[in-house]
Number of protein chains: 2
Amino acid sequence: MKLTANKIAGLLRQHGYKLTPQRWAVLNVISHRHDHLTPAAIYDRVSQEHPGIGLVTIYRTLEVLAELGLLCKVHVEGGCRSYLMRRPSVHHHHLICSGCGRVVDFTDCALNELEQRLSRETGFEMKDHLLELYGHCQNCQKIA
Amino acid sequence: MKLTANKIAGLLRQHGYKLTPQRWAVLNVISHRHDHLTPAAIYDRVSQEHPGIGLVTIYRTLEVLAELGLLCKVHVEGGCRSYLMRRPSVHHHHLICSGCGRVVDFTDCALNELEQRLSRETGFEMKDHLLELYGHCQNCQKIA
DNA sequence: AAATAATTGAAAATTATTTTCATTTAGACA
DNA sequence: TGTCTAAATGAAAATAATTTTCAATTATTT
Ligand SMILES: [Zn+2]
Ligand SMILES: [Zn+2]
Ligand SMILES: [Zn+2]
Ligand SMILES: [Zn+2]
């Protein structure tokens, strides 16, 4: 189920945003694709059709569209980093307190079944996964 | 953390790395904590004890320690972004091709049970989660 | 103790993102 | 339709995060 141009237009206006050619150009680039693009990559593609549009506008447009819930953000390897001494030597994941950064490790991620099912359904060969749980630790619950 | 000190020393030497005071200082800062720290935060803390050590060295040390499997990397909100038109309006996640960036959405993340169990075990109040699966799509399997 | 290859710090370079500000424009409305 | 105004834009500067370069230093080997 695809969002029509009208729906998008309405959404923008509803929130007091204007419908500019620049925003259409960005939407045009991302709306027909099934892959994820960085701001710079979007800029490159937008530039091909509309050489006048600046990278700043791409950033601003993406922010607006994301705010309206029209976009998903994807985390990419190497994009962000914060470090932690590795404690379990085996495969594990982190439960992270958004308040203080405290981390609890857990080893039972139970994604095998999901991976297998999706592999069967999509033909993807599964390699890896990123899983992080966020919450507030007992300490930070008191504070907040 | 004396038990691991020898292990760490051995690991470094095994891989042809030297055991410098700078590396000890970094290890010292992260090894006793249960939270995650950015390079800048680690730099701040290291500086308190060893004002001479440069931020560049922190970066380089973290790279080495991560390579040796001594550290975990944590993704943090806002750290990295690549965008995608949102397709399912409901809660969902992405299966991403590491080759071409293609994305398949899936809505069945099945993390409730895990979250509940961990909440019970740790006292954390669960808020959110980040889940991404990585693999190679059929196209990219042929190419590779 | 000398040799040497790895490591370091300072500075410069690169990259990604945000802010500032003067100018333009979409959409409202007379 | 033309006028008005808040919102949006582009260029440039500012900020932030990371990487590269390079000469000087140092941990380890012999
Ligand atoms: Zn906390
Ligand atoms: Zn897992
Ligand atoms: Zn692919
Ligand atoms: Zn989910």
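Protein chains get the first letters and strands the later ones, always in sequence-line order, with residue 1 at the start of each. Worth knowing before you read on, the calculation uses all heavy atoms, side chains too, and leaves out hydrogens, waters and symmetry mates.
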Measure the distance from [atom1] on [X] to [atom2] on [N] and round it to the nearest whole Å.
{"X": "A:Asp44", "N": "C:dA16", "atom1": "CG", "atom2": "C1'", "value": "14 Å"}
{"X": "A:Trp24", "N": "C:dG27", "atom1": "CH2", "atom2": "C1'", "value": "15 Å"}
{"X": "B:Leu12", "N": "D:dT28", "atom1": "CG", "atom2": "C1'", "value": "13 Å"}
{"X": "A:Tyr43", "N": "D:dT9", "atom1": "OH", "atom2": "P", "value": "14 Å"}
{"X": "A:Lys18", "N": "D:dC4", "atom1": "NZ", "atom2": "P", "value": "15 Å"}
{"X": "B:Tyr59", "N": "C:dA10", "atom1": "OH", "atom2": "C1'", "value": "16 Å"}
{"X": "B:Leu19", "N": "D:dT29", "atom1": "CG", "atom2": "P", "value": "11 Å"}
{"X": "A:Glu67", "N": "D:dA8", "atom1": "CD", "atom2": "P", "value": "10 Å"}

Exercise. Closer to the 5' end of DNA chain C via nearest nucleotide, is it A:Val56 or A:Ala40?
Worked result: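 So the residue in question is A:Ala40.
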
Between [options], which nucleotide gets closest to the side-chain atoms of [X]?
{"X": "A:Ile53", "options": "C:dG27, C:dT17, D:dG10", "value": "D:dG10"}
{"X": "B:Arg23", "options": "C:dT8, D:dT28, C:dA26", "value": "C:dT8"}
{"X": "B:Arg81", "options": "D:dT18, D:dA8, C:dT18", "value": "C:dT18"}
{"X": "A:Thr57", "options": "D:dA8, D:dA17, D:dT9", "value": "D:dT9"}

Exercise. Base, sugar-phosphate alone, or nothing: which one does B:Arg60 contact when heavy atoms must sit under 4.0 Å apart?
Worked result: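 If one applies the 4.0 Å heavy-atom cut-off, B:Arg60 turns out to touch a base.
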
Exercise. Minimum heavy-atom separation for A:Lys18 to A:Leu12, with atom names?
Worked result: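 Heavy atoms of A:Lys18 and A:Leu12 come nearest at O-CD1, 4.3 Å.
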
Problem set entry | Closest approach of A:Ser82 to B:Val76 (non-hydrogen atoms, all atoms of both residues) |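 For A:Ser82 versus B:Val76, the nearest heavy atoms are CB-CG1, 4.2 Å.
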
For this session: Can you tell me the pairing partner of C:dA22 across any strand shown, Watson-Crick or G-U wobble, with both distances under 3.5 angstrom?
Result: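 Matched C:dA22 with D:dT9 under the 3.5 Å cut-off.
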
Exercise. So which nucleotide does D:dT29 pair with, by the Watson-Crick or G-U wobble rule with both distances under 3.5 Å?
Worked result: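 Pairing partner, where one exists within any strand: C:dA2.
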
Exercise. Is a side-chain donor-acceptor pair under 3.5 Å present for A:His93 with A:His91?
Worked result: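 There is such a pair (donor and acceptor under 3.5 Å, judged by atom type) between the side chains of A:His91 and A:His93.
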
Exercise. Going by atom types alone, do B:His92 and B:Arg87 pair a side-chain donor with an acceptor below 3.5 Å?
Worked result: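 Result is no, nothing qualifies.
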
Exercise. Within less than 4.0 Å of OP1 or OP2 of D:dG10, is there a side-chain N or O belonging to A:Gln22?
Worked result: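 For D:dG10, OP1 or OP2 has a side-chain N or O of A:Gln22 closer than 4.0 Å.
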
Exercise. OP1, OP2 of D:dT26 versus side-chain N and O of B:Thr20: anything below 4.0 Å?
Worked result: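 Indeed not, no polar side-chain atom of B:Thr20 lies that close.
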
For this session: Could you check B:Leu55 against B:Pro21 and say which one's nearest nucleotide on DNA chain D is further toward the 5' end?
Result: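 Comparing both residues, the 5'-ward one is B:Leu55.
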
Exercise. Applying the side-chain contact (heavy atoms from CB on, under 4.5 Å) test to B:Ile8, which of B:Leu68, B:Leu19, B:Leu70 qualifies?
Worked result: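 So the option named by the test is B:Leu70.
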
